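Throughout, residue positions are numbered sequentially from 1 according to the sequence presented. Values reported hereafter were calculated over all heavy atoms of this structure, with side chains retained and with hydrogens, waters and symmetry mates removed. As the structure is a prediction and not an experimental result, all values here were calculated from the model.
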Amino acid sequence: MKQLIFFTFCFIGLYSIAQSPINRVEGSPYPSSSQPDTLYVFNDELFSHEELLLLQSIQGLCAKTEPKIYRDKGSGSAIWIQDLADNYGVYVSSEMDGDIESVLSLVPDNVETYILCNLNDNSSNVANSLCGPLHAIAVTPSLQQLVEENGYTQLMDVRERDEQWVLDNYSDLLNDMIVTYQREDKSLFLGDYSILANALHFYDDIHSSTTENAFSRMAPNSILNGWGDDEYQTIAKASQYSIGVHPADWGFNLSTLTNFNAETIQHVSSEEPDTQENTHTVCFLMSDGDNVQWMLNLFAEDSRWFGSENRGLMDVGWTVPPALCEIAPTVMSKIYDMAESTSAGKDYFIAGPSGHTYHFPELFPELEASCELMDSYMEKSDLSIVNILGNSYHDSVFHPYLKQSNVNGLFYYDYSDYSKMKGKMDCYALKPVISARYNLWGGFETCESLAQKLNNEVRDPYSVEGYTLVAVHAWSNSVDSLLYVRSLLNDGIRVVAPDDFVNLISKNICEKELAHQPELEVVPNPVFDEIRLRVRGVTCSNYHIGLTDLGGKKITCDLTATQTIDGWIFEGSMELLKEGAYIFSFECDQGAISTKLFKYN
């Protein structure tokens, strides 16, 4: 009887795991169904490419109700399926592996037809777009007889169709929150997720009319999965439509991995770092963590990166997409579990560019709403620092991020040169914005040249010059590269993780800069037309501003006011003002300040 009760309890426990709803933050764009208790594993090497296209479509269709299929290509995929078996109550079966006809037995009951397409051309993208909304499997001519013998009938032949035809005829059936931008020769990747999401799966030149049509139908703060031939142009174009990008072109199994719940908490010490006198403090941050397909594939097992046995010998900063907590939550949880935290060093993650998606903030019309959604992902994924990659070091870019409760600081890289701002730093109350001072990257710094420059930096923890953020190019460097740099550093050069770096700057720089009296910054001065006045060091809501000439005569000025986390910003036009000198004043119950500005025509 006890054995029966125990078995029943275990069965109910596993059943409850499988049937539990998939957790999503409010406003999440990521589709979900239910958590599986059984997954059939298929090794890519045992199937032809045509068979994998069919298998991928079945995988996506199954995931609409409950995932059943997992593709194993070795590398990271082997780690994640073992984790699902060990920690999430998933029964893993290989009984159908290598037999494409057996895979047909997994097709959902509501799917009775197929879409005929070719492999790796426009028609395979068409099939990946339409299999979801039309409930059909993707079949190439070599498999047509097999599927018909198994009772499936042809719904349509799309071998002469392209993605613009899909938009012209089926746009109303497609998801306006998820779009896949995927070259035709990568048709065996991301298709399952496109089918789960009913997403347009397309590729064309980033400036083509098809791309314009595809992007213009998307809702604000929607998601693009995939990649283009030109990184800058792809991110810029998507950003202009308020579409955030997940580099994911070699991604697979996403329709399965997204349908799990997992705890995503970093396992690191919360002990506050001490300030060490006469030191220069350095933080190394590995690039490209926004790259979802890298996280899924090589990142965790390659000895250059998280597969290194030398992690934990020094502090290393890593970037990760906060939305991984919903795209592949068990993967994020496993990576966090793998992180080292020892007396010698730790791994610490921050949000990759530029928040929960890769975008250029200065080009993103819906940045405020994007940052509000990002804040939910920051909390869910236990992140507190955001790496921004953009083209404008400006507080109009920073403020939407900094006012979020789960953001403690920003690391800024300029797209043209990650270290373009040469270590420039600004504090917004106790939240710092820190730009990279150096790039560890071919064409910029070598390990030796970087170490030499760090050894010559200012050793003062109370000075902006006493801190250096190093942007580490992931593709040309490794954990061992960083250990080598550290071995070349002199005494007094201190290496810390990103959280300690921000905490030290907040305590030793930002807290010191908090004004007891307001500070006033005018840009530009002299002014020709548009002006921007920033008051820092006040939190008052009631204030008075004024503009007078040098004789005290009041001048009417129409300025737009925006409250920030540490003051106010006033912006407007001075075009009609006569040439000359003027006094701008600000006053509230926390203090008063004024400054002279000059108007030139």
Search all heavy atoms of [X] against all heavy atoms of [Y] and return the closest pair with its distance.
X      : Y      : result
Ala328 : Leu296 : CB-CD2, 4.1 Å
Asp249 : Gln293 : OD1-CG, 3.8 Å
Cys447 : Ser481 : SG-O, 3.8 Å
Ala351 : Met378 : CB-SD, 3.7 Å
Val320 : Met295 : CG2-SD, 4.1 Å
Gln563 : Cys540 : NE2-O, 3.7 Å

Under 3.5 Å: donor-acceptor pair, side chain of [X], backbone of [Y]:
X      : Y      : value
Tyr181 : Val245 : no
Ser28  : Tyr30  : yes
Thr180 : Gln182 : no
Thr279 : Gln276 : yes
Ser308 : Trp305 : no
Asp566 : Ala429 : yes
Thr342 : Gly345 : yes
Tyr412 : Met425 : no
Ser255 : Pro67  : no
Ser75  : Asn297 : yes

Between [X] and [Y], a side-chain donor and acceptor under 3.5 Å:
X      : Y      : result
Tyr70  : Asp72  : no
Thr562 : Glu571 : no
Ser478 : Asp480 : no
Thr330 : Ser333 : no
Asn391 : Glu362 : yes
Ser376 : Arg24  : no
Asn387 : Thr319 : no

Can you tell me how the ring of [X] sits relative to the ring of [Y], calling it parallel under 30°, perpendicular over 60° and tilted otherwise?
X      : Y      : result
Tyr358 : Trp227 : parallel
Tyr428 : Phe398 : perpendicular
Tyr377 : His356 : parallel
Phe260 : Tyr88  : perpendicular
Trp441 : His473 : parallel

[X] with [Y]: basic N within carboxylate O range, under 4.0 Å:
X      : Y      : value
Asp229 : Arg183 : yes
Arg494 : Asp315 : no
Glu272 : Lys507 : no
Arg437 : Glu445 : no

Evaluate the criterion side chain to side chain donor-acceptor pair (under 3.5 Å) for residue pair Thr468 and Glu457; output intermediate values, then yes/no. CA-CA 9 Å; Thr468 290; Glu457 289 293 344; 4.8 Å; no
Go through the steps to decide whether Phe252 and Asp44 satisfy the test side-chain contact (heavy atoms from CB on, under 4.5 Å), and finish with yes or no. CA-CA 11 Å; Phe252 57 101; Asp44 271 24; 5.7 Å; no
Derivation of the side-chain contact (heavy atoms from CB on, under 4.5 Å) call for Thr258 and Ser32: CA-CA 7 Å; Thr258 195; Ser32 65; 5.7 Å; no
Is there side-chain contact between [X] and [Y], with at least one heavy-atom pair below 4.5 Å?
X      : Y      : value
Glu231 : Thr234 : no
Ile223 : Met177 : no
Thr357 : His246 : yes
Ser354 : Phe364 : no
Ile178 : Tyr193 : yes
Tyr348 : Ser384 : yes
Phe299 : Ile335 : yes
Val485 : Val470 : no

Pair Tyr241, Ser222 - check side-chain contact (heavy atoms from CB on, under 4.5 Å), show working. CA-CA 9 Å; Tyr241 285 92; Ser222 51; over 6 Å; no
At what distance, to the nearest 0.5 angstrom, does [atom1] of [X] lie from [atom2] of [Y]?
X      : Y      : atom1 : atom2 : answer
Asp290 : His359 : CG    : NE2   : 11.0 Å
Leu488 : Asn455 : CG    : CG    : 8.0 Å
Leu454 : Asn456 : CG    : CG    : 9.0 Å
Asp417 : Asn439 : CG    : CG    : 5.0 Å

Under 6.0 Å from the [atom1] atom of [X], do we count more than 12 heavy atoms belonging to anything else shown?
X      : atom1 : answer
Glu448 : CD    : yes
Asp491 : CG    : no
Glu379 : CD    : no
Tyr91  : OH    : no

Evaluation steps, side chain to side chain donor-acceptor pair (under 3.5 Å), between His267 and Ser341: CA-CA 8 Å; His267 306 290; Ser341 183; over 6 Å; no
Working for side chain to side chain donor-acceptor pair (under 3.5 Å), residues Asp426 and Tyr393: CA-CA 10 Å; Asp426 284 288; Tyr393 185 98; 2.8 Å; yes
side-chain contact (heavy atoms from CB on, under 4.5 Å) between Tyr401 and Val433: does it pass, once the steps are laid out? CA-CA 10 Å; Tyr401 290 89; Val433 176; over 6 Å; no
Does the pair Asn253 and Gln59 meet the rule for a side chain to side chain donor-acceptor pair (under 3.5 Å), with working shown? CA-CA 8 Å; Asn253 287 324; Gln59 181 180 30; 2.9 Å; yes
